[in-house]
Amino acid sequence: MFIGHYSTAFAARKLKPAIPLWHVFIAAQLVDFGWAILVMLGVEKVRVIPHFMEASMLDLYYMPYTHSLPGSLIWAIGAGALYGVFWKGERKFSAGLIFGAVVFSHWLLDLIVHAPDLLLYPGGPMVGFALWNSLVWSQLVEGGLLLAGFALYMFCTKPKTKAGVWAPFALLAFMVALQAYNHIPVEVPPTPFVFSVMGLFAYSLLAFLAWLTDTTREAA
């Protein structure tokens, strides 16, 4: 899953305290930030196989530190605790809880689309509902999740500048374009290292654009 992960980031902006949008954009993909770095270091493993699944070319056969259930919980608890400690304001526990919940939502959403490659516990079974076997249904689910979260964000914020009227829709359109680009057939698939670099760039760029967008909006 890619853009669907950001549904929880948009939705979390409605909660109190209101965490900046770019913070929860990072939280939504924090596990994949870690995954990309570990793949580049050769710690976690992936094979890029065209048509591995209808909506994914990634054979994610070894990623116990980021995408196992215990690993994801550790990432969520650790990130949430650190975020709460460094949160500048009141309700530190709530801020940390929201941030950690968005981090953990990554595993829950991946469970919907992944092949059975998500480890439940060390030595245990792999799980995944494999919705990526259908390009149409996987994109409908991702798009529906994203639109639902985006609607909540628009409901709980209002423009504070003229740019605030169109900036969120520009961000949304760019995210949809990135998603479409991900599914353009390629003759030579990227190596795992290159794919990881591309992922890190995309996650960082979207967090930056979320920051720009949020500067044009304020609480409704």
Q: Kindly say whether Gly4 contributes a backbone atom to a donor-acceptor pair with the side chain of Ser7 at under 3.5 angstrom?
A: yes
Q: Can a salt bridge be assigned to the pair Asp59 and Lys45 using a cut-off of 4.0 Å between side-chain N and carboxylate O?
A: no
Q: Rounded to the nearest 0.5 Å, what separates atom CD in Gln139 from atom CG in Leu146?
A: 11.5 Å
Q: Taking all non-hydrogen atoms of both residues, which atom of Ala12 and which atom of Val24 are closest, and how far apart?
A: CB-CG1, 4.1 Å
Q: Out of curiosity, does Leu118 fall in the hydrophobic cluster containing Phe129 (side-chain heavy atoms, cut-off under 4.5 Å, transitive links)?
A: yes
Q: Any donor-acceptor pair under 3.5 Å linking the side chain of Gln29 with the backbone of Tyr203?
A: no
Q: Assert yes or no for the condition that the ring centre distance of His23 to Tyr83 is strictly below 6.0 Å.
A: yes
Q: In Å and rounded to the nearest 0.5 Å, what is the CH2 to OG distance from Trp107 to Ser72?
A: 7.0 Å
Q: Do Asp32 and His67 pair up side chain to side chain, a donor and an acceptor below 3.5 Å, judged on atom types alone?
A: yes
Q: Distance-only criterion, 3.5 Å: show the donor-acceptor pairs between side-chain atoms of residues 204-212 and protein atoms not counting sequence neighbours.
A:
unit_1: Ser204; atom_1: OG; unit_2: Leu200; atom_2: O; d: 2.8

Q: Do Ile19 and Phe155 belong to the same hydrophobic cluster, where Ile, Leu, Val, Met, Phe, Trp and Tyr are linked whenever their side-chain heavy atoms lie under 4.5 Å apart, directly or via other members?
A: no
Q: Has the side chain of His106 got a donor or acceptor atom that lies under 3.5 Å from a matching backbone atom of Val102?
A: no
Q: Under a single-linkage definition using a 4.5 Å side-chain heavy-atom cutoff for Ile, Leu, Val, Met, Phe, Trp and Tyr, are Phe201 and Met175 assigned to the same hydrophobic cluster?
A: yes
Q: Is there a donor-acceptor contact under 3.5 Å from the side chain of Thr216 to the main chain of Thr213?
A: yes
Q: Hey, what do you get for CE (Met1) to CG (Leu108), rounding to the nearest 0.5 Å?
A: 10.5 Å
Q: Could you please spell out the steps behind the side chain to side chain contact (heavy atoms under 4.5 Å, CB included) verdict for Phe195 and Thr191?
A: CA-CA 6 Å; Phe195 190 92; Thr191 65; over 6 Å; no
Q: Give a yes or no answer on whether the side chain of Lys14 reaches the backbone of Leu152 with a donor-acceptor pair at less than 3.5 Å.
A: no
Q: Taking the six-membered ring for Trp and the full ring for Phe, Tyr or His, determine whether the centres of Phe150 and Phe169 are under 6.0 Å apart.
A: yes
Q: So if you build clusters from Ile, Leu, Val, Met, Phe, Trp, Tyr with side-chain heavy-atom gaps below 4.5 Å, do Leu120 and Val31 land together?
A: no
Q: Please work out whether the ring planes of Tyr62 and Tyr65 are parallel, tilted or perpendicular, with thresholds of 30° and 60°.
A: perpendicular
Q: Centres of the Phe10 and Phe25 rings: under 6.0 Å?
A: yes
Q: Will you find, in the side chains of Thr157 and Glu218, an N or O donor that is under 3.5 Å from an N or O acceptor?
A: no
Q: Taking Phe2's backbone N and O only, do any of them form a donor-acceptor pair with Gln179's side chain (distance below 3.5 Å, no angle check)?
A: no
Q: Hydrophobic clusters here meaning ILVMFWY residues chained together by side-chain heavy-atom distances under 4.5 Å, can you tell me if Phe33 and Leu60 are in one?
A: no
